[in-house]
Number of protein chains: 2
Amino acid sequence: MAGPSVTSRALALLGAFDSDHRSLSLSDLARRANIPLATAHRLVGELHRWGALARSADGSYVIGRRIWQLGLLAPEQTGLRQAASPFMHDLYGATLATVHLAVRDGLQVLYVERLAGHVSVPVVSRVGSRLPMHATGVGKVLLAHAPDDVLAAALQNLTRVTAYTVTQPARLLDQLRRVRAEGYATTGEEMSLGACSVAVPVRAGADVVASLGIVVPDLRRQLPRLVSALRVAAQGIGRTMSGVAAAPPGVPG
Amino acid sequence: MAGPSVTSRALALLGAFDSDHRSLSLSDLARRANIPLATAHRLVGELHRWGALARSADGSYVIGRRIWQLGLLAPEQTGLRQAASPFMHDLYGATLATVHLAVRDGLQVLYVERLAGHVSVPVVSRVGSRLPMHATGVGKVLLAHAPDDVLAAALQNLTRVTAYTVTQPARLLDQLRRVRAEGYATTGEEMSLGACSVAVPVRAGADVVASLGIVVPDLRRQLPRLVSALRVAAQGIGRTMSGVAAAPPGVPG
DNA sequence: CGAACCCTTCCGTTCAGTGGAAGACCAGTA
DNA sequence: TACTGGTCTTCCACTGAACGGAAGGGTTCG
């Protein structure tokens, strides 16, 4: 029995939306956010009036324009995407593989951008979605460069996704040591069968701010070529990011 | 002396961010949202804990990941963008002009997607930003198909942007009648000098759900060709949109 | 016709949010 | 060193705004 603050309840309502629940009725919202219907009614009304929520044709609620607009102002995401976009296109051109850009979000990887080819390996990522770190290439890179407490916490919960997922802490630690030493991480069908991946860190200055990765059906033979292509792109992104900080707030084109 | 609800205050804090203020200190936030510092401190703390706000390197606040993620769930925007993306690329290929996709948001146009060439006409639009309806091509289209009360309200405030902006209600009404009749709208340096535009409605079923437009330095001679290219793209988008409704929620690639 | 869903409104109680005040922590300036 | 102007943070007694049970209206079922 907690003492729920008004704000946290409003946020809980927004948090009720996810990629599997883009549209929710008032009752759904109340249920998912654990809020009495009458209270939810009022809060949802306020959110709707402000534009955080919109009503779809059938009367149910969806995320509104205002939130979408705000989201575009998020510098970590939007800035990163803009800086990375051209390099990711180059990388796609060079490899014809699905290209991923991700950052660490707590104990998970958050996909910031994704470039998928027409004929692509089965990949479960989506822009804005999160996946466990230990089962993805970009995740291993980010974990390898994460603070100790994050690493410790992540090791507690190495959930199995496929038969090849690394679930032994010792084995993962060993891999992560290698990632730091070699400068890239790989996976082999650890997240979804038929999909292998390579990823490298994106550095702005000394910090690892993101990870760039590609997904291919098999990487045995071409690994060196892929790693070097990834490195070129990642360096380009990093350089752009560092430059962006000093650039003017945005000259209208 | 209003009775400010907690929620509205939290929203006011979020609303303090815009494209010119992507990063705000606590005091800035309190000032801009008209909230006592101590109260703002607590609310901002909650928003930060939830992930709606993040702290940038210098300690100031920026829009956080959580909001960015939520924004991606907004179906009106994300759905529209996805449906439109390929057609906008085609249109860009055919015209080599800056391509715009916009919806009506209250009395303004909200730019949902934008495709700019390397060498482009000076254009002030940005994805997620809003502009007055009467001075843009997409705006005129949306205004021409807006409900009467919106039209009436919009006519009240025809602000002048350039020397060519249409500021006389009667003249604008006349143009809008033509837009409805001809099926396209044009502007000539009404928003920014050196930029002309053509725009057509995007229809899903009977409703005008958006407007597709292009910006060029001069459209005298090539107008018919541009209009027909726009119509092809707009029809494609409309068809995709109508189809999307019946499609499965999203098969992971 | 009742049952089971939705959504909306009302209103007396109460406890969470409020915000003034005090103070810590920086700069800069004298 | 002390002063000034700007941040940010914490505390706590008061009070009025948020709360939510209950009641009512509108559906769509069988």
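Chain letters run A, B, ... following the sequence lines, proteins first, then strands; residues in each count from 1.
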Base-contact (B) and sugar-phosphate-only (S) positions in nucleotides 5-10 of chain D, heavy-atom cut-off under 4.0 Å, - elsewhere: --SBBB
Gap between atoms CG and P, on B:N34 and C:dG19 respectively (whole Å): 11 Å
Considering just the side-chain nitrogens and oxygens of A:T39, establish if one lies under 4.0 Å of OP1 or OP2 belonging to D:dG20. yes
Mark yes or no for whether A:R81, through its side chain, and A:E113, through its backbone, hold a donor-acceptor pair below 3.5 Å. no
Looking at B:R9, does any N or O in its side chain come under 4.0 Å of the phosphate oxygens OP1/OP2 on C:dT18? yes
Report the distance from atom CG of B:L43 to atom C1' of C:dA16, rounded to the nearest whole Å. 12 Å
So for atom CG, which belongs to A:D148, do other residues, nucleotides or ligands contribute more than 12 heavy atoms lying within a distance under 6.0 Å? no
Rounded off to whole Å, could you give me the CG-to-P distance for the A:L13 and D:dA18 pair? 15 Å
Measure CZ/A:R42 against C1'/C:dT9 and give the value in whole Å, please. 12 Å
Partners passing ring pair (Phe, Tyr, Trp, His ring centres under 6.0 Å) against B:Y111 (at least two apart in sequence or in another chain): B:H100
For B:L142 and B:V208, what are the C-alpha separation, side-chain angles and deciding distance, and is it a side chain to side chain contact (heavy atoms under 4.5 Å, CB included)? CA-CA 8 Å; B:L142 293 169; B:V208 172; 4.3 Å; yes
Within the 4.5 Å heavy-atom criterion, are A:I63 and A:R22 side-chain neighbours or not? no
Side-chain donor or acceptor of A:H48 paired with backbone N/O of A:L43 under 3.5 Å: no
In whole angstrom, what separates A:I35's CD1 from D:dC19's C1'? 12 Å
